[in-house]
Asks: 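Have a look at the structure that comes next, please.
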Number of protein chains: 2
Amino acid sequence: MKWSELSDNWCPVARTLSVLGDRWTLLILRDCLLGLSRFEQFAESSGMTRHILADRLKRLVEAGILVRNPYSEAPKRYDYILTEKGQELAPALMTLRDWGKKHLPVRRASTS
Amino acid sequence: MKWSELSDNWCPVARTLSVLGDRWTLLILRDCLLGLSRFEQFAESSGMTRHILADRLKRLVEAGILVRNPYSEAPKRYDYILTEKGQELAPALMTLRDWGKKHLPVRRASTS
DNA sequence: CCTAGCAAGTTCCGAAACAGCACTATAAGC
DNA sequence: GCTTATAGTGCTGTTTCGGAACTTGCTAGG
């Protein structure tokens, strides 16, 4: 089964995953909720390749989760702002964060 | 950046995604929470290939989210049971489900 | 004994996605 | 007219994925 076919699945969890079911998309949204909005900021914060970032931003805009907003006319520049639909993903990010904090402690030497 | 490198990220959301940040893993957990436990059940329910399913189950066991439980000795057979750690992902699934129900209605002809 | 069936995987190959890096486009500043 | 800043694209090799067949270990039937 293809990823895209999930979007018509009977299960709302599956449909949700059809939009944000890869490792990078939720990281972009995390950054958005932290106040980031620009391509270069996302690229640096998440460490993903620019190629993937561009693709995921496009998908998120198509899904109505972000809007591509021109913030500069002179050299045409765009940043990405959460829609209300996107902001309502905050609770989901919170529950994932809480689970991670509880069950996936950092395995660095500094923590022990 | 590689997927696996996320597991040491400072951000708990990123660490969580290092475990369940692909399209299929959360579907397996959804099925577990619905009471499924066997390989063939997961394969049929989610529609993923057996190859990927086997890989994801292995990862989930390694992550301590599922346990591989022998339920038959005669022909060695195993099923997969949620640990407490895994059950605590239920709230996360709920929030994703709620968001999907609200923002991603099924696009079938029957809905219009 | 021989074959079929069930369940949990494993193997193989072509297709798609990804990582890494360089490159483009447009304009501002020196 | 050269450098810097920003938002992407192109290119190339590697990794992962999708689909279907095959394996293993046992049971049931003829």
Side-chain angles (χ1 to χ4, degrees), chain A residues 1-9 14 17-28 31-32 35-63 66-82, chain B residues 1-9 14 17-28 31-32 35-63 66-82:
Chain A
M1 181 191 280
K2 295 286 178 52
W3 183 14
S4 52
E5 295 172 29
L6 282 177
S7 57
D8 276 325
N9 199 283
L17 292 175
S18 77
V19 177
L20 34 85
D22 75 296
R23 19 192 182 315
W24 302 119
T25 302
L26 280 168
L27 286 184
I28 296 175
D31 287 344
C32 288
L36 305 191
S37 65
R38 296 190 188 175
F39 192 93
E40 300 293 333
Q41 292 175 324
F42 296 133
E44 186 184 10
S45 166
S46 64
M48 82 181 80
T49 64
R50 316 168 64 72
H51 208 102
I52 304 299
L53 175 56
D55 179 72
R56 294 301 185 274
L57 288 172
K58 196 181 298 177
R59 290 186 197 215
L60 286 168
V61 169
E62 284 170 5
L66 297 177
V67 285
R68 190 161 177 267
N69 169 252
Y71 70 88
S72 160
E73 277 301 325
K76 278 276 188 185
R77 292 290 148 72
Y78 300 90
D79 60 2
Y80 294 86
I81 310 294
L82 282 170
Chain B
M1 180 190 279
K2 296 283 177 52
W3 184 12
S4 53
E5 294 172 30
L6 282 176
S7 58
D8 277 326
N9 198 283
L17 291 176
S18 77
V19 176
L20 35 85
D22 76 294
R23 19 194 183 315
W24 301 118
T25 303
L26 280 169
L27 286 184
I28 296 174
D31 287 344
C32 288
L36 304 191
S37 64
R38 296 190 187 174
F39 192 92
E40 300 293 333
Q41 291 175 325
F42 296 134
E44 186 184 9
S45 166
S46 64
M48 81 180 80
T49 64
R50 315 167 66 72
H51 198 105
I52 304 298
L53 175 56
D55 180 73
R56 294 301 184 275
L57 288 171
K58 197 180 297 176
R59 291 187 198 213
L60 286 168
V61 169
E62 283 170 6
L66 296 177
V67 286
R68 190 160 176 267
N69 168 252
Y71 71 88
S72 159
E73 277 301 324
K76 278 277 188 185
R77 293 290 148 73
Y78 300 91
D79 59 2
Y80 294 87
I81 310 293
L82 282 171

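Atoms considered below: every heavy atom in the structure, side chains included; atoms not considered: hydrogens, waters and symmetry mates. Throughout, protein chains are lettered first and strands after them, A, B, ... in sequence-line order, and every chain is numbered starting at 1.
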Asks: Can you say whether a donor on the side chain of B:Arg77 sits under 3.5 Å from an acceptor on the base of C:dA7, or the other way round?
Replies: yes
Asks: So, under a plain 3.5 Å distance rule, would you say the side chain of A:Arg38 forms a donor-acceptor pair with the base of D:dT6?
Replies: no
Asks: Over how many whole Å does the gap from B:Asp22 atom CG to D:dT15 atom P extend?
Replies: 19 Å
Asks: Side chains of B:Asp22 and A:Asp22, heavy atoms from C-beta outward: is any pair under 4.5 Å?
Replies: no
Asks: A:Arg23 has an atom CZ; how far is it from atom C1' of D:dT15, in whole Å?
Replies: 10 Å
Asks: I'd like to know if the side chain of A:Glu44 reaches the main chain of A:Gln41, judged simply by a donor and an acceptor atom lying under 3.5 Å from each other, with no hydrogens or angles considered.
Replies: no
Asks: Please state how far atom CG in A:Leu60 lies from atom P in D:dA7, giving the value in whole angstrom units.
Replies: 16 Å
Asks: Between C:dA8 atom P and B:Gln41 atom CD, what is the distance in whole Å?
Replies: 8 Å
Asks: If you compare every side-chain N and O of A:Arg56 against the phosphate oxygens of C:dC18 (OP1, OP2), does one of them come in below 4.0 Å?
Replies: yes
Asks: Count the heavy atoms of every other residue, nucleotide or ligand shown that sit under 6.0 Å from CD of A:Glu5, and state whether that count exceeds 12.
Replies: yes
Asks: Which listed nucleotide (C:dT10, C:dA28, D:dG8) is nearest to the side chain of B:Ala54?
Replies: C:dT10
Asks: Measure CE/A:Met48 against C1'/C:dA17 and give the value in whole Å, please.
Replies: 15 Å
Asks: By nearest heavy atom, map B:His51 and B:Ser37 onto DNA chain C; which one lands nearer the 5' end?
Replies: B:Ser37
Asks: Take atom CG of A:Leu6 and atom C1' of D:dC17, then tell me their distance rounded to the nearest Å.
Replies: 14 Å
Asks: Measure CZ/B:Arg68 against C1'/C:dG9 and give the value in whole Å, please.
Replies: 9 Å
Asks: If you compare every side-chain N and O of B:Trp24 against the phosphate oxygens of D:dG18 (OP1, OP2), does one of them come in below 4.0 Å?
Replies: yes
Asks: Quick one: is the NZ or CZ of B:Arg56 closer than 6.0 Å to the six-membered ring centre of B:Phe42, and within 45° of its axis?
Replies: no
Asks: Check whether the side chain of B:Arg50 and the base of D:dA20 form a donor-acceptor pair under 3.5 Å.
Replies: no
Asks: Would you kindly compare A:Tyr80 and A:Glu5 by the position of their nearest DNA chain D nucleotide and give the one closer to the 5′ end?
Replies: A:Tyr80
Asks: Rounding to an integer number of Å, can you tell me how far A:Leu53 CG sits from D:dA7 P?
Replies: 10 Å
Asks: We want to know whether A:Arg68 and A:Tyr80 form a side-chain donor-acceptor pair, criterion being a heavy-atom distance below 3.5 angstrom.
Replies: yes
Asks: From the set D:dA7, C:dA27, C:dA19, return the single nucleotide nearest to any side-chain atom of A:Ile52.
Replies: C:dA19
Asks: Tell me whether the side-chain N/O atoms of A:Tyr71 come closer than 4.0 Å to OP1 or OP2 in D:dA7.
Replies: yes
Asks: In terms of side-chain heavy atoms of A:Phe39, which of C:dA27, C:dA19, D:dA7 is nearest?
Replies: D:dA7
